[in-house]
Amino acid sequence: MGTLLSCYLMPHPPIIVPEVGRGEEKKIQKTIDSLNTVSINIKEKKPDTIIVVTPHGYVFRDAVAVTVFSSLEGDLGQFGARGVRFEFENDLELVEKIVEESRKKDIPIAEINDELIKRYALSKKLDHGTMVPLYFVTEHYATFKLVHISYGFLPFEQLYEFGIAINKAIMESNKKVVFIASGDLSHKLTPNSPNGYTPKGEIFDNKLLNLLSEMRVEEIIGMDKGLIEEAAECGFRSVCVMLGALDGYEVKAEVLSHEGPFGVGYGVAQFEVDQYKGTSLLEKLYRLKRQRIEEIRQKEDSYVKLARESLEYYVKNRKPMLVPQGLPEEMYSRRAGVFVSLHKDGELRGCIGTVVPQRKNIAEEIIKNAISAGFEDPRFEPVEEHELKDIEYSVDVLTPPQPVKSKQELNPKKYGVIVRKGYRSGLLLPDLEGVDTVEEQISIALRKAGISPDEDYTIEKFEVERHK
């Protein structure tokens, strides 16, 4: 019977490697010391295999990626340190068991082989999310096989379930295994961050690390998705998988360090595995998710409820619903442009709208645009019936656009913008998470329109009445 020995949260800033940092790494000495502590801990355990879940490998929206090459290799050449090279033997026996257990649970898996590398023009080299943590590990212990996994943008609960599948595969093997959740915390931690700044970065970091130190798993998996997104992290999903691998165990958790002098949060933590009780939290996590969705449904106003009922009706009947009776009078008498946005598990699932009204009233506008958001947004596949229970809706009713003479007239929290040049136009709604300045708002709208910033474009602004 195989054994999960321990798990670790390890950051992956390339600058922490001396050959890359060239002295700058001394600014994060606490992190270096903690990574060495973790690596010595791993050396003492002498694992046969190390599993790394990384955010910088082969990341897909709808699947977890497991690499199946017999040899895994890479270097830090893209960071100016080509001489820092790694090559590991892939533990294909454990990989096969992980894939098998995952598919038993209907967790979508992408096996990264030559066919997928060619199809998606991917690199075969290991990513820095894997190499940086292993740089420290191999300084102390190098006689292990590697399993390389890239998380997907699946629901947090499903990533947790994937972690359970990993541990089941470990137990059915004869391997002693260590698990590394590779990931940095907020990328907007301080005002000097190159990714921008939000005070919510520090809130996110502190909250996650505090919850991890106490192994309050339900609260971690149920963390506010808006906070997670605003923090601009890259490690949360790795943590979700790690917590799933620890499901059923008594765990001693310890946060070793946290710092962020470059504006990115680096947290190091270790999780010592004790007795396996076999009492799973998975059913409770899914139940809590359903309760949260039901609470949202109960709070829907007439606008949001109509959008939801419209898409649900179309998915099941493949024809638009008629305008129902009993709506507020303004939904029958008023005309306006309307945007309907769909979110699933914290991720955008579709957004389509009209700047000026196309239908005889707001109710018809919502019915049509809800269907379009689910079926006509070119960024996404059409919504399927099994997804309906997890989709959250918002409806934005637009005021007529007004021309803008100066950017000083704009406020990204209050006004949406439309940029135009000839037949090209791009629109961005107001008060979007992560869009904090006029410059960011216009830049995104220009990219959507395919307009260069140095072209002579016009700007319009509008307000919205948001229903969610």
Side-chain angles (χ1 to χ4, degrees), residues 198 224-226 229-230 296 299-311 323 327-344 346-374 376-377 379-380 391-420 425-449 451 457-468:
T198 171
D224 178 63
K225 294 179 173 64
E229 185 173 339
E230 283 200 55
I296 291 172
K299 295 176 182 177
E300 290 174 343
D301 68 8
S302 298
Y303 291 74
V304 175
K305 183 179 180 183
L306 181 60
R308 175 174 60 80
E309 290 179 343
S310 171
L311 182 58
V323 175
L327 298 173
E329 176 57 32
E330 77 244 21
M331 295 180 71
Y332 300 114
S333 60
R334 181 181 167 196
R335 300 182 74 229
V338 169
F339 270 73
V340 176
S341 301
L342 317 177
H343 283 82
K344 179 184 171 187
E347 299 292 325
L348 184 66
R349 185 61 181 85
C351 180
I352 293 289
T354 45
V355 179
V356 294
Q358 305 295 313
R359 307 282 161 171
K360 70 179 183 181
N361 56 36
I362 285 177
E364 287 193 9
E365 207 82 32
I366 290 173
I367 289 172
K368 174 62 171 64
N369 291 348
I371 296 169
S372 297
E376 297 175 14
D377 190 327
R379 297 169 293 181
F380 304 96
I391 293 178
E392 300 173 36
Y393 300 76
S394 64
V395 176
D396 290 304
V397 181
L398 279 60
T399 62
Q402 302 293 324
V404 171
K405 295 181 180 179
S406 167
K407 292 180 182 179
Q408 294 179 340
E409 300 176 38
L410 299 176
N411 179 336
K413 297 302 179 185
K414 181 178 181 179
Y415 299 112
V417 297
I418 306 169
V419 294
R420 301 185 193 273
S425 65
L427 178 146
L428 202 68
L429 295 169
D431 197 22
L432 297 179
E433 292 173 356
V435 182
D436 301 313
T437 67
V438 170
E439 288 71 23
E440 288 175 321
Q441 188 182 43
I442 292 176
S443 176
I444 295 169
L446 289 173
R447 288 201 303 272
K448 292 177 70 174
I451 299 173
Y457 57 87
T458 61
I459 303 175
E460 298 166 83
K461 68 178 182 180
F462 60 89
E463 294 184 70
V464 303
E465 175 188 301
R466 178 155 292 167
H467 301 261
K468 57 188 301 185

task: Answer whether the closest heavy-atom distance between the side chains of Tyr457 and Ile442 falls below 4.5 Å.
output: yes
field: Minimal non-hydrogen separation, Pro412 against Thr437, with atom names
entry: CG-C, 3.6 Å
field: Euclidean distance, Leu342 CG relative to Arg308 CZ, rounded to 0.5 Å
entry: 12.5 Å
task: First locate atom CG of Leu446, then atom CD of Gln441, and finally report the distance between them rounded to the nearest 0.5 Å.
output: 10.5 Å
query: Run the side chain to side chain donor-acceptor pair (under 3.5 Å) check on Gln402 and Tyr415 step by step: do they pass?
result: CA-CA 10 Å; Gln402 302 293 324; Tyr415 299 112; over 6 Å; no
query: Any side-chain heavy-atom pair from Arg359 and Lys368 closer than 4.5 angstrom?
result: yes
query: Hey, are the side chains of Met331 and Leu306 touching, using non-hydrogen atoms and a 4.5 Å cut-off?
result: yes
message: Under the rule for side-chain hydrogen bond (donor to acceptor under 3.5 Å, both in side chains), what residues qualify as partners of Asp377, not counting sequence neighbours?
response: Arg379
- prompt: Can you name the closest pair of heavy atoms from Leu311 and Gly374 and give their distance?
  reply: CD1-CA, 4.0 Å
Salt bridge (charged side-chain N to carboxylate O under 4.0 Å, His left out) evaluation trace for Glu392 with Lys225: CA-CA 12 Å; Glu392 300 173 36; Lys225 294 179 173 64; over 6 Å; no
message: More than 12 heavy atoms of other residues, nucleotides or ligands under 6.0 Å from NZ of Lys360: yes or no?
response: no
Worked verdict on Glu347 versus Phe380 for side chain to side chain contact (heavy atoms under 4.5 Å, CB included): CA-CA 11 Å; Glu347 299 292 325; Phe380 304 96; over 6 Å; no
- prompt: Roughly how far, to the nearest 0.5 Å, is the NZ atom of Lys414 from the CG atom of Asp431?
  reply: 12.5 Å
message: Quick one, Leu429 with Phe462, criterion side chain to side chain contact (heavy atoms under 4.5 Å, CB included). Give me CA distance, side-chain angles, the key distance, then yes/no.
response: CA-CA 9 Å; Leu429 295 169; Phe462 60 89; 4.1 Å; yes
field: Where Leu410 and Ile459 come nearest, the two heavy atoms and their spacing
entry: CD1-CG2, 4.2 Å
Which atom of Ile367 lies closest to which atom of Ser310, heavy atoms considered: O-OG, 2.8 Å
query: Does a sphere of radius 6.0 Å around NZ in Lys344 hold more than 12 heavy atoms from other residues, nucleotides or ligands, not counting ones at 6.0 Å or beyond?
result: yes
Residues forming a ring-ring contact (aromatic ring centres under 6.0 Å, His included) with His343, sequence neighbours excluded: none
query: Is the closest basic N to carboxylate O distance between Lys413 and Asp436 below 4.0 Å?
result: yes
- prompt: Out of curiosity, Leu327 CG to Tyr332 OH, how far, rounded to the nearest 0.5 Å?
  reply: 3.5 Å
- request: Kindly compute the distance separating CD1 (Ile418) from CG (Leu398), expressed to the nearest 0.5 Å.
  value: 7.0 Å
- prompt: For the residue pair Phe339 and Cys351, what are the closest heavy atoms and their distance?
  reply: CD2-SG, 3.9 Å
- request: Would you please test Asn369 and Thr354 for side chain to side chain donor-acceptor pair (under 3.5 Å) and show each step?
  value: CA-CA 8 Å; Asn369 291 348; Thr354 45; 3.2 Å; yes
task: Please check if the side chain of Arg466 supplies one atom and the backbone of Pro430 the other of a donor-acceptor pair under 3.5 Å.
output: yes
field: Gap between atom CZ of Arg334 and atom CG of Asn361 - 0.5 Å precision
entry: 11.5 Å
field: Asp301 to Val304 - nearest heavy-atom pair and separation
entry: OD1-N, 3.0 Å
Under 3.5 Å: donor-acceptor pair, side chain of Glu365, backbone of Gln358: yes
task: Before giving the answer on side chain to side chain contact (heavy atoms under 4.5 Å, CB included), spell out for Ser302 and Lys305 the whole-Å C-alpha distance, their side-chain angles and the decisive distance to 0.1 Å.
output: CA-CA 5 Å; Ser302 298; Lys305 183 179 180 183; 5.8 Å; no
